Number of protein chains: 2
Amino acid sequence: MALGTDYAQQDCTLARALEVVGERWSLLIVRDAFYGVRRFNDFLVHLDIPRAVLTARLAALTEAGVLRKEAYQQSPPRYDYVLTDAGLDLWPPLHALMRWGGRHASRGEPTRTFHHAACGSRLDMTGGCPACEVAQVAPADVEMRWVSDAGRPGRVDQVAAALATTSPLLRPVRGAAGADAFAGGDDPGNS
Amino acid sequence: MALGTDYAQQDCTLARALEVVGERWSLLIVRDAFYGVRRFNDFLVHLDIPRAVLTARLAALTEAGVLRKEAYQQSPPRYDYVLTDAGLDLWPPLHALMRWGGRHASRGEPTRTFHHAACGSRLDMTGGCPACEVAQVAPADVEMRWVSDAGRPGRVDQVAAALATTSPLLRPVRGAAGADAFAGGDDPGNS
DNA sequence: GGGGTAGGTCTGATCAACGAACTGACTCTC
DNA sequence: GAGAGTCAGTTCGTTGATCAGACCTACCCC
């Protein structure tokens, strides 16, 4: 087997996790789901991902119990893809990876930081709130702050995850449209 | 491009991180590096990875600043691959992914847990120590406990990371040899 | 009927992963 | 000194996933 989910030799939980979310695009799909993206076409536009690959990934993530399909119309059958409890539990590794990327793999375009909605403190490396001494802030209590290009006050969004009924983050903010709406990330060098 | 590191459209820190450690085998190599594996042949045996792929991954991780090469003999030139500071910073996402895999993607073979060496408390989901209220236990202070098959007391190792001068974890413990030495992971369902 | 929306499937080209064989520079053992 | 072993690769043919883009199906609205 050339690629994919075959980590059979790697008999450990990291390999098990990578079988589920280790493939190309999978974690980016999960990230978008945290930001409120729910529909096939919205994932398609934001990720600029081949349709066939998106179809396969959504099916695999649903099969693995990370996402679940919720019908929003009957004919033709159309589904929202929303995070399950297992999917919501992916927030700690996801946030940790984003922090690492911001610190060590950034190209110097800091545009987004995550904060505890209750107190406004920036989340630490592990997704906890240092001010409130909360070890793990739930995705629904996380606020995403956009750092404006020109130093003006940025936009603030809730990382609403499966709680959202719409996709507020789909609206482009600074860029033209589409994928630009998700541009940026944690500011590098600030830990 | 069919595969690989091309997340150019995904202008965020998660995509940046995935460019570095998102490829097949990369995180497993980093995990082994945390457990003290340093040499080409040791990675080869433990991961059961194609030689050409290992060559490419080690070069890519070195290029990305996650690993660095340290010559341990001059002729023929031979190198240890050890974690840099950036590589050591991968511990939080790595541990979070292992915890997630243990909780949601396990096949029911719990064999390994991680504890704070100072107090013995099991690390939480984010790699912190709940007893000592340490938000992030450094890899060098992490103790890895093996859960014995037969209920007998398990082995205890230090997750020595780049601090180790040898690879104590290379010795097989319960299984026959090779990859089995790394079998297991966090116990599922225990958070 | 024509156009738009949504969620796919299909196809051929490309390219990475895989396994196995091979290479080169040494060291060890007999 | 010959042969075997070690270590870290490189090369090569096969397999199969990814990609871009065209096409399809089912419905809605005008």
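Residue numbering restarts at 1 for every chain, and letters A, B, ... go by the order of the sequence lines. As the structure is a computational prediction, the values presented were derived from the model and not from experiment.
- Residues that satisfy the side chain to side chain contact (heavy atoms under 4.5 Å, CB included) test with A/Ala52, not counting sequence neighbours, are absent from this structure.
- Rounded to whole Å, atom P of D/dC7 lies 10 Å from atom CZ of B/Arg51.
- The interatomic distance linking B/Phe40 (CZ) with D/dG9 (P) rounds to 5 Å, in whole Å.
- For B/Trp25 and C/dA16, the CH2 to C1' distance is 14 Å, given to the nearest whole Å.
- Under 4.0 angstrom from either OP1 or OP2 of D/dC7 there lies no side-chain N or O belonging to B/Tyr81.
- Crowding of B/Gln73 atom CD: a count of heavy atoms from other residues, nucleotides or ligands under 6.0 Å exceeding 12.
- Partners of B/Thr55 under the side chain to side chain contact (heavy atoms under 4.5 Å, CB included) rule, at least two apart in sequence or in another chain, are B/Phe40.
- Following rounding to the nearest Å, B/Arg39 (CZ) and D/dC7 (C1') show an atom-to-atom distance of 10 Å.
- Rounded to whole angstrom, the span from the CD atom of B/Glu23 across to the P atom of C/dC15 amounts to 15 Å.
- Under 4.0 angstrom from either OP1 or OP2 of C/dG7 there lies at least one side-chain N or O belonging to A/Tyr72.
- Distances from the side chain of B/Arg78 to the nucleotides C/dG24, D/dT18, C/dG7 place C/dG24 closest.
- Following rounding to the nearest Å, A/Ile49 (CD1) and D/dA17 (P) show an atom-to-atom distance of 15 Å.
- The side-chain tip of B/Arg39 points at the ring of B/Tyr72 from less than 6.0 angstrom away and within 45° of straight on.
- B/Tyr79 has its OH atom 11 Å from the C1' atom of D/dA8, to the nearest Å.
- When rounded to the nearest whole Å, the span between CG of A/Leu44 and P of D/dG21 equals 13 Å.
- Residues from residues 52-61 of chain B lying near DNA chain C, meaning a heavy-atom separation below 4.0 Å, are B/Val53, B/Arg57 in numerical order.
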